Amino acid sequence: KQKDSYGRTPLQMACRINSSFEVTFLLLNTWLSYKENRSKSSIMPLQRYIMYLQRCNHNFTGDVKALFSHLFALYNNDADNPSPNEIMDYFVQIELWNGVTLN
């Protein structure tokens, strides 16, 4: 819930400084523990921020890319996305329990 003077959350800052998967995972799971963050209106600004970082040539590791890809796929109607069941299986596999509650 805390933000820096620019309005960035700890999760956004971790992404900005290219934190490890473990740090990003823990911050995302904590962020998703707040019910108000488990809606499209909260997920989409996070997606826009991640896309902004990628446009600025920010290189995420493959596991961090997969984490966000699965999260954002729940809210995008793209036919190339994994099914909701595949996404939930991924969240269960990595034990992102607050991600499992999204569907």
Side-chain angles (χ1 to χ4, degrees):
K1 288 214 170 211
Q2 295 183 358
K3 295 184 178 185
D4 69 6
S5 59
Y6 296 101
R8 292 178 296 220
T9 65
L11 174 59
Q12 290 171 320
M13 284 305 301
C15 293
R16 183 177 173 88
I17 64 170
N18 208 23
S19 293
S20 68
F21 172 80
E22 292 78 12
V23 169
T24 305
F25 171 90
L26 289 172
L27 288 170
L28 178 61
N29 202 41
T30 300
W31 187 77
L32 289 171
S33 71
Y34 295 96
K35 187 176 181 180
E36 63 268 20
N37 291 337
R38 288 182 260 152
S39 67
K40 186 173 186 172
S41 63
S42 291
I43 300 291
M44 297 313 286
L46 177 62
Q47 182 178 19
R48 284 191 298 273
Y49 184 75
I50 298 301
M51 290 173 65
Y52 163 77
L53 291 176
Q54 290 174 325
R55 282 193 309 273
C56 294
N57 295 322
H58 188 81
N59 293 317
F60 292 104
T61 60
D63 48 2
V64 170
K65 283 181 186 177
L67 178 64
F68 284 119
S69 174
H70 282 85
L71 175 65
F72 301 147
L74 283 174
Y75 296 94
N76 296 321
N77 295 325
D78 188 345
D80 294 331
N81 285 341
S83 72
N85 285 341
E86 291 170 317
I87 294 168
M88 291 302 115
D89 287 345
Y90 171 78
F91 288 156
V92 168
Q93 179 186 1
I94 65 169
E95 300 181 10
L96 183 73
W97 302 123
N98 288 312
V100 173
T101 62
L102 292 170
N103 196 7

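The chain is numbered in sequence order, starting from 1. Because the structure is predicted, anything quoted here is derived from the model rather than measured.
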Looking at [atom1] of [X] and [atom2] of [Y], how far apart are the two atoms once the value is rounded to the nearest 0.5 Å?
X	Y	atom1	atom2	value
Thr30	Leu11	OG1	CG	9.5 Å
Leu32	Leu27	CG	CG	11.0 Å
Phe91	His70	CZ	NE2	7.5 Å

message = Applying ring-ring contact (aromatic ring centres under 6.0 Å, His included) as the test, list every pair that has at least one member in residues 8-29; sequence neighbours left out.
response =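 The answer is Phe21-Phe25.
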query = Among pairs that include at least one residue of residues 46-61, which meet side chain to side chain donor-acceptor pair (under 3.5 Å), considering only residues two or more places apart or in two chains?
reply =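 The answer is Thr61-Asp63.
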message = Considering only residues two or more places apart or on different chains, which pairs with a residue in residues 90-100 satisfy side chain to side chain donor-acceptor pair (under 3.5 Å)?
response =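 Non-adjacent pairs meeting side chain to side chain donor-acceptor pair (under 3.5 Å): Asn29-Asn98.
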task = Quick one: list whatever passes side-chain contact (heavy atoms from CB on, under 4.5 Å) with Ser69, sequence neighbours left out.
result =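 So Ser69 forms no side-chain contact (heavy atoms from CB on, under 4.5 Å) with any residue.
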request  = Check side-chain contact (heavy atoms from CB on, under 4.5 Å) between Lys65 and all other residues, then give those that pass, not counting sequence neighbours.
outcome  =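 Per chain and number, Lys65 pairs via side-chain contact (heavy atoms from CB on, under 4.5 Å) with Phe60.
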query = So, do Leu67 and Leu96 sit near enough that their side-chain heavy atoms are less than 4.5 Å apart?
reply =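 Side chain of Leu67 against side chain of Leu96, heavy atoms only: contact under 4.5 Å found.
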task = Check side chain to side chain donor-acceptor pair (under 3.5 Å) between Arg8 and all other residues, then give those that pass, not counting sequence neighbours.
result = Asp4
key: For Ser41, side chain to side chain donor-acceptor pair (under 3.5 Å) partners two or more places apart   =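 In terms of side chain to side chain donor-acceptor pair (under 3.5 Å), with neighbours along the sequence ignored, Ser41 is linked to Ser39.
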query = Can you pull the salt bridge (charged side-chain N to carboxylate O under 4.0 Å, His left out) pairs that have at least one residue in residues 9-29, sequence neighbours excluded?
reply =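 Residue pairs passing salt bridge (charged side-chain N to carboxylate O under 4.0 Å, His left out), neighbours aside: none found.
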ask   = What is the minimum heavy-atom distance between Pro10 and Gln2, and which atoms define it?
value = CD-O, 3.1 Å
